[in-house]
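Shown next, in structure tokens, is the structure this report addresses.
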Amino acid sequence: MENVLGFISPGILSQILVGLSRTVILFIVSSGLSLILGVLRIPNVAHGSLYMIGAFMAYTVSHLFGGGTTGFWVALILAPLGVAALSFVAERSLFQFLYEREHLMLLLLTFALSLVFGDLVKLIWGAEYRSVPVPSMFQGYINLFGGLPFPIYSFFLLVMGPVIAILLWLLTNKTKIGKISRAAAVDREMVGAVGINVNWVFAIVFVIGCLLAGLGGVLVAPTVSVTLGMDHTLIMEAFLIVIMGGLGNVWGALLGALIFGLTQSLGILIWPQFGIVFPYCAVVVVLIFRPTGILRSTW
Amino acid sequence: MTGSFLRKRSLWVIATLVVLFLFPVFLDRFYVYLAAIILLTGLCATSLNFVLGYGGVYQFHHAVFYGAGAYGTALMILKTGLSPWLGFIVGPVVAAMLGFIIGLICVRLSKLYFGMLQISLGSLVWAIIYRWYSFTGGDDGIHGVPLPDIISSPNGGYYFTLIVTSISMFVLYRMIKSPFGSALQGIRDNPVRSEMIGVNVRLQQLLALTIAGFFGGVAGALFVVVDNTVFPDMMFWTVSLELVIMCLLGGWLSYLGPMVGAAIIVLLRTYISGITVYWALALGIIMMLVIFFLPNGVLGYLDRFLKKKARAR
């Protein structure tokens, strides 16, 4: 190990690992965004708000169940479902009437929703900082590569990322609903013409995408302080990742999240003040060479 | 027929300008300030509509140019010993250059891709300004920008805003009515066809984006005059989407629509935030109502209403 990693200092290595665990959150959220963009063509600005709501729901649920390990596992299941239910209501009552209209209207509707959601969170949970405890089985650190402390929870995240990616790939490629949704992304009229109820396919895809946003929110909750405004920066990052990876492509979202997370964490190491700028530069470079993203987009 | 109509319209314009000119005489200070904010926000929304409504380009993050104009002006005045008036030229020029650069990167992409890349690049500019404490003051912004005596009083600032806004609105109007404006609208309606008849689509769009950036910058410079401050939240992406909503609410197919939309939003924001802290909730609900029930905006609705009435007669 010493020989292979001789030229990489432990500091850089731990920074890379931290970047990778952040990548997982970015990937989960942006894969949902990408799914919705690819199939329904909605640039969902409210996606970040759903992520925030997921985190707040995780706070409430885990505290209802005593705040320990059980609380976390229950929150991991209930909070994304709560977000999914919310998005289902939004889709059925608002979005489904706008699919025929321009993208701009859909964008503005999602923006309106994000404003409403933001204020509802303020109304329900208030503007204070909240924290969700790390479940006891993931507490503590393990030593990596000779004395490098690495939080166990981050390992859990690193496992979750590929699991979600594979599940999503199975969903879009091996199930009927996935196949229909991919067909609908290319030509929704044709799919309707062969007798499939496109409307419901859209609703299901929308709900799955939003569920991922909620899941990202729950998973990030133990690592950050849950607060208002956590949606604003995340949604921009998720947009960048989706554009970089190619709209609607799950692996593209993974690749985009990897590039984004790594340039961010290494950027902070190189130039602390402007570390935030590096991922944006990566996006510009990628798009100059591949204007529609690294991998093939669905449309 | 057209002649008398034209004369009638110019009469309306002159009457409005006279009324606006008399505002400081019979309104108190707060309302003069509010009127100035409406004028400059309206100019910013109109410059956005120049590319969004007339050009069909999804410029989602227009507030960047508003902010760039404001920062360019404020920093020019503060950091150099040159005449403050020069700052009012430098600010918009910086915004125009930024518009050109962002446009150059984005213009190759089609609608939604364009919009998303543009909003991301705009966020990059915001992030740089937000972090660059030593130069831009970071998230504190810049307060108390020294201004020339003649425009430093509230009324002086208002008149300056009124004059500059009127000239800018006139110039933008002439541009829309020029051959360049027609080419732009042609591209909006059918890009492929425009390309075929020999219009250089991307060049025209890039030109339009630069012009829109310039006038967005003018609005930003005016904000420095009226409010005396600059802060990074001026160019946060939510501000941009508010600008888009102003265009939509007023009616983006009519030239004065964005101005009307800006007036409605600024007035509502002022009064609703006086009552409750949940202004965003109110704005969100207003936006939804507009999207579902007023897709052509207030002016679009009035226009159709008046036409229906004329036909009935």
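All chains are named by letter (A, B, ...) in the order of the sequence lines, taking the proteins before the strands, and each is independently numbered beginning at 1. Remember, predicted model here, so these are calculated numbers, not experimental data.
In terms of heavy-atom pairs under 4.5 Å with chain B, the best-connected choice from A:Ala112, A:Ser114, A:Cys281, A:Pro43 is A:Ala112. Each of A:Val284, A:Leu120, A:Leu98 has some count of heavy-atom pairs under 4.5 Å with chain B, and the biggest count is that of A:Leu98.
Within the 4.5 Å cutoff, side-chain heavy atoms of B:Tyr278 are placed close to those of A:Leu123. Using a 4.5 Å cut-off on side-chain heavy atoms (C-beta onward), B:Thr238 and A:Phe111 make contact.
Taking the six-membered ring where tryptophan is involved, the planes of A:His232 and B:Trp237 are tilted, since the angle between them lies from 30° to 60°.
Both the backbone and the side chain of A:Leu94 come within contact range of chain B, each with at least one heavy atom under 4.5 Å from a heavy atom of that chain. Looking at A:Met105, the atoms closer than 4.5 Å to chain B (heavy atoms on both sides) sit in the backbone and in the side chain alike. With a 4.5 Å cut-off on non-hydrogen atoms, A:Val242 does not touch chain B at all. Contacts between A:Leu113 and chain B at a heavy-atom distance below 4.5 Å involve backbone atoms as well as side-chain atoms.
At most 12 non-hydrogen atoms from other residues, nucleotides or ligands lie less than 6.0 angstrom from CZ of B:Arg193. Applying the 6.0 Å contact sphere to CD of A:Glu128 captures more than 12 heavy atoms from other residues, nucleotides or ligands.
In terms of heavy-atom proximity, B:Val277 sits nearest to A:Lys122 at O-NZ, 3.6 Å. When all heavy atoms of B:Leu241 and A:Leu108 are compared, the pair lying nearest together is O-CD2, 4.3 Å. For A:Ile243 against B:Leu117, the heavy-atom pair with the smallest separation is CD1-N, 3.8 Å. In plain terms, the two heavy atoms of B:Gly284 and A:Val116 that are nearest each other are CA-CG2, 3.9 Å. Looking at every heavy atom in both residues, A:Asp119 comes nearest to B:Ala280 through OD2-N, 3.4 Å.
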